[in-house]
Amino acid sequence: MTSPSSVEPEETSWAPTRALGRAVLFGGLAAFAGVILGRVDLVVLAAPFAIGVAWGLRRRPARPPVVAAEIAEEDAAEGGAVGVALELSNEDPVPLDLVVGRLATSPWLQMTDGARPYAGDVAGAEAGERGADRGLRPAGSVRRVDLRATALRWGYQQVGPAVAYGVAGDGLLVSGTVVAPALTLRVYPAVPPFRADSAMPRSAALVGVHRSRRPGEDGELSGVRRYAPGDRLRRIDWRVTLRTRDVHVAASLSDRDAEVIVLLDVLHEAGVSGGIRGEASVVDTAVRAAAAICDHYLRQGDRVGLVEYSGRPRYLRPASGRRQLITALDWLLDIRAGAGVGPTLGLDPSIIPNAALVVVLTPLLGPQSTETIATLARAGRSVVAVDTLGSLGQRRMSESRWTPVAQRLWWLERQNLIGLLHEAGVPVTAWIGPGSLDQVLHDMARMAAAGRLGGR
Amino acid sequence: MRVLLADLRYAGLGLLSRVHATIATVRRTTTAVLLLRALVFGALVVAFVVSVPSAMLWTPVAPAVAVGLALPAALFPRTRAVGFALVTIGATWLVTTTFIDLDWSAARVLGLAAALYVAHAAAAFAAVVPNDTAVNRGALLRWALRTSLVVVASVGLGAIGLAAAAWLPQAQGILAPVVGSVVAVGIVAVIVWLARRPGRVP
């Protein structure tokens with residue numbers, strides 16, 4: 001629950017509307033003509049205007065209305081519903097004929113019945129003039145408009161500012177506009193379904209779910225070997241022991257956890273984001289994929305860190321647990337598409353742990369991205385590049401007759417870059433959600449094992 | 001020639017976007033606002049019909065003038081179109097009852113007063129709500145009640161005044177100046193109050 005925001009309205013006063021001027025003009029002209037010409041009918045024509053003005057101005061409010069915006073929750077998931085409220089209240093003892101309020105929202109918050117102004121009459125404050133005489137602040141009457149919105153895109157979305165004005169005296173007086181500042185709603189990226197095989201090229205600590213190449217207990221069965229001092233009796237494989245007449249034990253591999261670093265290459269934006277219901281831009285894909293990868297590995301007990309590769313690089317230290325998942329999702333909300341300019345000093349590979357699996361979410365749109373990936377691979381890190389450009393790269397453009405040729409050339413150049421990355425030992429795979437990384441992780445695990453055996 | 005065609009194309013696109021924006025605005029208009037503007041239009045047409053002698057109503061000019069006065073006021077209630085329509089209809093009444101239809105009935109003048117006030121009140125209300133505002137039904141009903149009360153009170157007082165003038169023809173020369181002066185004093189008081197208050201006229 002977020003507390004409502006409001007502004008002190010003392011600065012704003014009431015002003016006559018054009019309708020008051022019109023009533024005075026017409027009533028005055030008719031009455032004047034009636035007096036001059038001695039015509040009762042003209043006085044009769046002026047009468048309702050005179051009575052209407054007198055009736056409308058008999059009680060004039062001194063305070064303008066107060067407006068407040070409220071959001072039911074501080075955060076929401078992309079595509080989820082959000083409760084939003086617009087509160088229009090009157091702290092003046094004089095009732096207001098109308099309070100017209102409007103809540104401006106981010107374009108990525110779709111209001112259920114459209115973003116429109118709301119108007120309603122608001123009764124006078126309960127404490128009244130007697131309370132005000134005693135120095136009491138009147139308890140304002142409130143009209144509350146409950147609205148529903150759908151969060152269409154991840155990020156920090158603005159709810160507000162809310163603006164309102166009051167109308168009194170049957171439309172003869174209007175207050176100045178009062179404004180309530182905007183509130184911020186955190187919209188977490190949608191986590192697309194993602195799973196990955198437990199194979200990891202490298203594992204790190206002594207606990208976890210990934211099978212390692214080190215022998216250990218309670219892990220996956222790796223074979224049967226002769227008994228050696230120190231082996232536990234419960235691990236004796238009796239069937240093999242009886243057959244061979246020699247004591248054998250079941251050998252297993254230890255389970256380890258892994259360290260995963262997700263590097264988001266947001267140097268460039270491509271495509272136009274259509275929110276959760278529309279087409280995803282490159283940054284959308286990267287952020288959602290990063291959220292999915294974090295969610296998957298953190299639920300497995302692994303340690304996950306994040307790196308933003310842009311003009312203002314950021315780094316989230318690897319950690320594990322649910323708190324890290326929330327921290328990572330919060331961290332992702334600050335991602336902004338860059339203008340194609342990388343960090344001044346480049347990316348220092350030493351910030352990435354040696355044993356970490358580096359998943360680079362990149363659209364591969366510039367040489368800087370490729371160079372960074374190659375640098376990480378040369379520094380001995382296990383790097384997987386996930387292509388976030390998707391189908392955007394193959395979309396046909398028709399600006400001029402040379403555009404398809406230029407596009408074809410660009411595409412070939414990009415394919416060449418991907419080939420070079422393959423040669424440098426960096427597998428490149430497209431982001432397709434579940435199982436995106438399975439094949440490359442299997443290949444990398446096999447290659448890592450082969451490298452170690454060859455070394456021996 | 002190519003530049004001209006490109007300019008024309010951009011102008012066409014601009015016009016098209018304006019048309020689309022207007023259609024979107026009309027589509028977003030709420031029933032309450034539409035009702036108020038229809039009331040402004042209807043009341044002004046009725047006022048014009050009442051202000052003109054019946055013989056003149058069947059000329060082709062009269063409907064055009066009625067629509068020409070009522071439609072801008074209904075479409076643009078925040079502008080001077082409403083005041084212009086009120087003053088024009090009042091002046092039409094004054095001219096026709098002075099030179100053409102000298103024998104006007106009390107019902108006509110009371111109907112005219114009511115129609116003019118309803119048009120003014122509806123325009124005042126319509127002017128303060130944007131066209132896509134969702135207006136609370138209770139607020140509309142209470143506004144209608146207040147306007148009806150003013151109309152009933154005015155018609156009642158007007159009927160009494162007209163009856164008194166009819167019963168005492170010799171007093172008509174005194175009645176109009178006296179009542180008119182009272183109204184004028186009230187209006188002067190409002191003007192003085194307005195002049196003392198700093199404010200704006202939206």
Side-chain angles (χ1 to χ4, degrees), chain A residues 13-57 97-100 102 113-122 143 145 165 167 170-174 176, chain B residues 28 30 78 80 82-83 86-87 90 93-94 97 104 109-110 112-114 116-117 120-121 123-125 127-130 132-136 138-139 142-143 146-147 150-151 153-154 157-158 161-162 165 172-173 175-177 179-181 183-184 186-187 190-191 194 197-202:
Chain A
S13 62
W14 289 83
T17 62
R18 195 183 288 278
L20 179 54
R22 184 171 66 227
V24 169
L25 174 74
F26 183 82
L29 280 177
F32 183 71
V35 171
I36 296 295
L37 301 174
R39 297 266 300 260
V40 180
D41 56 329
L42 295 179
V43 178
V44 170
L45 289 186
F49 289 87
I51 292 172
V53 170
W55 176 265
L57 298 182
D97 298 341
L98 271 186
V99 179
V100 184
R102 180 171 222 149
D113 57 347
R116 60 174 74 246
Y118 294 87
D121 53 343
V122 185
R143 179 167 291 281
V145 185
Y165 58 89
V167 179
D170 284 335
L172 301 181
L173 296 173
V174 65
Chain B
R28 284 177 61 85
T30 53
R78 292 184 195 92
R80 291 194 171 88
V82 185
L86 292 182
V87 172
W93 167 263
L94 179 62
T97 51
W104 45 268
V109 72
L110 291 175
L112 178 62
L116 286 177
Y117 182 73
H120 156 75
F125 201 86
V128 291
V129 285
D132 56 344
T133 309
V135 185
N136 175 255
R142 276 181 276 277
W143 167 82
R146 286 194 302 271
T147 305
V150 171
V151 168
S154 311
L157 287 174
L162 288 172
Q172 190 167 355
L175 196 65
V179 179
S181 300
V183 171
I187 285 168
V190 171
I191 292 169
L194 288 177
R197 282 177 71 96
R200 60 182 174 78
V201 179

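Every chain is numbered from 1 and lettered A, B, ... according to where its sequence line falls, protein lines coming before strand lines. The figures here come from the full heavy-atom set of this structure, side chains too, leaving out hydrogens, waters and symmetry mates.
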Trainee: Please classify the contact of B/Val87 with chain A as side chain, backbone, both or neither, using a heavy-atom distance under 4.5 Å.
Mentor: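 Both backbone and side chain.
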Trainee: Can you say whether B/Leu157 sits under 4.5 Å from chain A via the side chain, the backbone, both, or neither, judging by heavy atoms?
Mentor: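 The side chain, not the backbone.
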Trainee: Please report the interatomic distance CG(A/Asp170) to NE2(B/His120), rounded to the nearest 0.5 Å.
Mentor: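 Reported value, rounded in 0.5 Å steps: 8.5 Å.
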Trainee: With side chains defined as the heavy atoms from C-beta onward, is the minimum distance between B/Val129 and B/Thr30 less than 4.5 Å?
Mentor: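 Heavy-atom side-chain distance check fails, nothing below 4.5 Å.
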Trainee: Let's test your reading of the structure: which of B/Thr147, B/Val151, B/Leu110, B/Val109 forms the most heavy-atom pairs below 4.5 Å with chain A?
Mentor: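 Maximum pair count with chain A is reached by B/Val109.
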Trainee: Among A/Val100, A/Ile36, A/Leu172, A/Leu98, which residue has the highest count of heavy-atom pairs closer than 4.5 Å to chain B?
Mentor: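 Highest number of pairs under 4.5 Å: A/Leu98.
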Trainee: Taking side chain as everything from C-beta outward and backbone as N, CA, C, O, which of these in A/Phe49 sits under 4.5 Å from a heavy atom of chain B? Side chain, backbone, both or neither.
Mentor: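 Contact with chain B involves both backbone and side-chain atoms of A/Phe49.
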Trainee: Kindly compute the distance separating CG (A/Asp41) from CG (A/Leu45), expressed to the nearest 0.5 Å.
Mentor: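 If we round to the nearest 0.5 Å, A/Asp41:CG and A/Leu45:CG are 6.5 Å apart.
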Trainee: Does the distance from a Lys or Arg side-chain N to an Asp or Glu carboxylate O, for A/Asp121 and A/Arg143, drop under 4.0 Å?
Mentor: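 Counted as a salt bridge, because a side-chain N and a carboxylate O are separated by less than 4.0 Å.
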Trainee: Taking side chain as everything from C-beta outward and backbone as N, CA, C, O, which of these in B/Ala123 sits under 4.5 Å from a heavy atom of chain A? Side chain, backbone, both or neither.
Mentor: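 Both parts, heavy atoms under 4.5 Å.
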Trainee: Check whether any side-chain heavy atom of B/Arg146 sits under 4.5 Å from a side-chain heavy atom of A/Trp55, and report yes or no.
Mentor: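 Heavy-atom side-chain distance check passes, below 4.5 Å.
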Trainee: For the candidates B/Val82, B/Thr133, B/Leu112, B/Val150, which exhibits the highest count of non-hydrogen atom pairs separated by less than 4.5 Å from chain A?
Mentor: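 Going by pairs under 4.5 Å, I would pick B/Thr133.
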Trainee: Among A/Pro48, A/Ala30, A/Ala50, A/Ala47, which residue has the highest count of heavy-atom pairs closer than 4.5 Å to chain B?
Mentor: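 Max contact count across the listed options: A/Pro48.
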Trainee: With rounding to the nearest 0.5 angstrom, report the CZ to CG distance, A/Arg39 to B/Leu94.
Mentor: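 Between A/Arg39 CZ and B/Leu94 CG, I get 5.5 Å after rounding to 0.5 Å.
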Trainee: Taking every heavy-atom pair that is under 4.5 Å apart, which of B/Gly138, B/Ala113, B/Ala127, B/Ala114 has the most such pairs with chain A?
Mentor: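 Among the listed options, the one with the most contacts to chain A is B/Ala113.
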Trainee: Taking all non-hydrogen atoms of both residues into account, name the closest pair between B/Asn136 and A/Gly120 and its distance.
Mentor: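 Heavy atoms only, the tightest pair is CB-CA, 3.6 Å.
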